[in-house]
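Only heavy atoms go into these numbers, but all of them, side chains included; no hydrogens, no water, no symmetry mates. Here is how names work: the chains are called A, B, and so on, in the same order as the sequence lines, proteins then strands, and each is numbered from 1.
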2 protein chains.
Amino acid sequence: MATQKTKVTIFDVAKASGVSSSAVSYALNGKPGVSDTTRAKVLQVARELGWKPNGAAQSLAQSKTRRIGLILGYDPQLLAVEPYMMSLISGLGAELEEKDYSLLVRMSMDSDDEDSIIEDWVATSNVDAMLLLNLEIGDPRIDMMKQNPQMPVLAVADASLTAGLPTLASDDAAAVGLAVRHLYDLGHRNIARVAGPEELGHSYIRDAAFSEVTAELGVRYRCLHTDYTPAAGADATKRLLSVNPAPTAIIYDNDVMALAAEGVAAVNGVRVPQDLSIMSWDDSFMCEAAHPGITALNRDIVESGRIAASLMLKLIDGEEVDVVEEPPYVLRVRDSTGPAPER
Amino acid sequence: MATQKTKVTIFDVAKASGVSSSAVSYALNGKPGVSDTTRAKVLQVARELGWKPNGAAQSLAQSKTRRIGLILGYDPQLLAVEPYMMSLISGLGAELEEKDYSLLVRMSMDSDDEDSIIEDWVATSNVDAMLLLNLEIGDPRIDMMKQNPQMPVLAVADASLTAGLPTLASDDAAAVGLAVRHLYDLGHRNIARVAGPEELGHSYIRDAAFSEVTAELGVRYRCLHTDYTPAAGADATKRLLSVNPAPTAIIYDNDVMALAAEGVAAVNGVRVPQDLSIMSWDDSFMCEAAHPGITALNRDIVESGRIAASLMLKLIDGEEVDVVEEPPYVLRVRDSTGPAPER
DNA sequence: CAATGGTTCTGAAGCGATTCAGTGACGACT
DNA sequence: AGTCGTCACTGAATCGCTTCAGAACCATTG
């Protein structure tokens, strides 16, 4: 509690408690080797002096940093507007906080950058484990990590992308089923999708699932790829509405695009949901606040973050982790989807 | 490049290059004390062995972590939906990355938590500097930091809240002027505001500025406080619209609430902007995607993050930093504001 | 009573870098 | 030829902690 002008070390605490530095270490870390009375005394003195073990020294001595690495792909626009990353961070942070770990965050401008950050972390041991996000198909980072088995890593992605790495897996295919099924049950037989960039692994997974499910149900399906921005979403919507026959329902890969689509519809006198049903893949406050409220696939991203954190802690402890499923998607039906218009 | 099974240290590099460990250190850090030829040789060997200095050892030896601390207040909902924090992180991350620093992130569940994280960072030297966000009036953290001058800190807040600490200051009062002026010029004489939680320092600053500016202009003004959620925003809107005379313009402290307000208006047959003008304090894709597009106060948060990072690096270098102004707010006029309705 | 065993505690050797003081070697200058 | 200075390099101390091996002490036990 008392604030100290000069740096206080374990030896100061040792001297003040009349024991050796090793005793202090044992006392503080709850290890055997000191009596209860000296332990209490030491803790007391440590508190008075406001002493905590120096992080660097501790890391060096036990080769543990109590840090977990997260690399953010640099696109401020996207990061800011997509609730995904921030939710994940919330979950990670909350869980790690309980275990006294922290999150080390770095930003990569491109994929080379990201590779070099990974190399850096492996070489410098600046983190105890790391998270792999936004995997692409045949992602080279997977091999990098396999060649450095001393650095635990958890991939958050569809299990088909992670080649046996410990994985927190989302079941995007099941979600596709939910979404399509919902629209199918409402009578839609011609649906479209406005997706994100084609290179992203999850775009690909979803593409495949959509094609498969719609084919099975005999539903007409087409897909446009965009850069996730509302402008692109609006543009794609206009194009979709101008073909003949126009889709009666459109699913957007994120919520801003769905919101923009509602605007396009309003401007063009297309009523939602009477003339056009709109769905969003991601759910957020935005979908709730929009008018009409946007039907969305919802998942507990914060919880995913917590699970991811706990899995990494397991990996750090040397436990095996294979593939763990994320909390499943849930369909939140709001007012933007309705029965398909009579033809 | 070559991947190494076992941990490689500076001594391995020294042996392989036929020099001492000190020579390796000098060579790597670009310091004098080695010839150009041995320097080249050492760097070459280091690259071949894939060696980089161990982070903990380096930190311990030079008492520098190359890390900057950021504490996130835990409210996943808010964090996720407000683009502010993620944008700030983007800016911080981008700037820090260039200087080879990283961001150490922890999450606080409440303010006691946050205090103990700060104490921890001060005592363990786990970061070289830290950021102070969401200051409240008379925030105790300011005193904590003043008592520990060895830990550089930068506050991001209105300068009136930071009691002389190095500050990246936003001029919320000027922004209030912009906003009110815009509405005033459109003929509005009865405006309302839906704000965030009253405890937040910036809420208070804005409250005061609004009262002052509207009084000056002879504009009727009232303010409701909420928890920032769209539901609360919608609710506040309904209440405001039911009073007599109802305001002809409402300013919302964030964009989800403004979006929700558009929904409320639509449901109640209130036309935007003919019957009611709506503005948002924060700008994001959401305001652009909404229909009608929401007039908003826009500021370059990413740039603020970059500036904050560079200021902290200055502080770490021992330079003085007083109060630096953030990039100013800019009014982005869209379709949600228009001339005040004739009475 | 010697032997054994169990606590409690200490000294010193790590961890892997940086950095200071010191040693040769060599060239330049008087 | 002798001295000085510079340059390249090395050995050892240092950062602050953990942890192992062993010392000191006391209590049991056969």
Let me have the donor-acceptor pairs involving side chains of residues 18-25 of chain B, under 3.5 Å, with sequence neighbours excluded, atom names and distances please.
| residue | atom | partner | partner atom | Å |
| --- | --- | --- | --- | --- |
| Ser20(B) | OG | Ser22(B) | N | 3.4 |
| Ser20(B) | OG | Ser22(B) | OG | 3.2 |
| Ser20(B) | OG | Ala23(B) | N | 3.3 |
| Ser25(B) | OG | Asn29(B) | ND2 | 3.4 |

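With sequence neighbours left out, the side-chain hydrogen bond (donor to acceptor under 3.5 Å, both in side chains) criterion links Asp12(A) to no other residue. With sequence neighbours excluded, no residue satisfies side-chain contact (heavy atoms from CB on, under 4.5 Å) with Ala40(A).
Shown for residues 52-60 of chain A: residues whose heavy atoms fall under 4.0 angstrom of DNA chain C, namely Leu60(A).
Phosphate contact (OP1/OP2 of dA17(C), side-chain N/O of Trp51(B), threshold under 4.0 Å): present.
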At a cut-off of 3.5 Å, list every protein nitrogen or oxygen paired with a nitrogen or oxygen from nucleotides 19-22 of chain C, distance to 0.1 Å.
| residue | atom | partner | partner atom | Å |
| --- | --- | --- | --- | --- |
| dT19(C) | OP2 | Lys31(B) | NZ | 2.4 |
| dC20(C) | N4 | Tyr26(B) | OH | 2.6 |

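Across the interface with DNA chain D, nearest-nucleotide mapping of Ser63(B) and Ser20(B) shows Ser20(B) to be the residue nearer the 5′ end.
Salt bridge annotation for Asp100(B)-Arg66(B): absent, with no cationic side-chain nitrogen under 4.0 angstrom from a carboxylate oxygen.
Taking atom CG on Asp12(B) and atom P on dC15(C), their separation rounds to 11 Å, with Å as the unit. Note: NZ (Lys41(B)) to P (dA8(D)) measures 18 Å, nearest angstrom.
Rounded to 10 degrees, the angle separating the terminal helix axes of the helix from dC1(C)-dG30(D) to dT30(C)-dA1(D), each built from five base pairs, is 60°.
Although no hydrogens or angles enter the test, the distance criterion places no donor-acceptor pair under 3.5 Å between the side chain of Asn148(A) and the main chain of Gln150(A).
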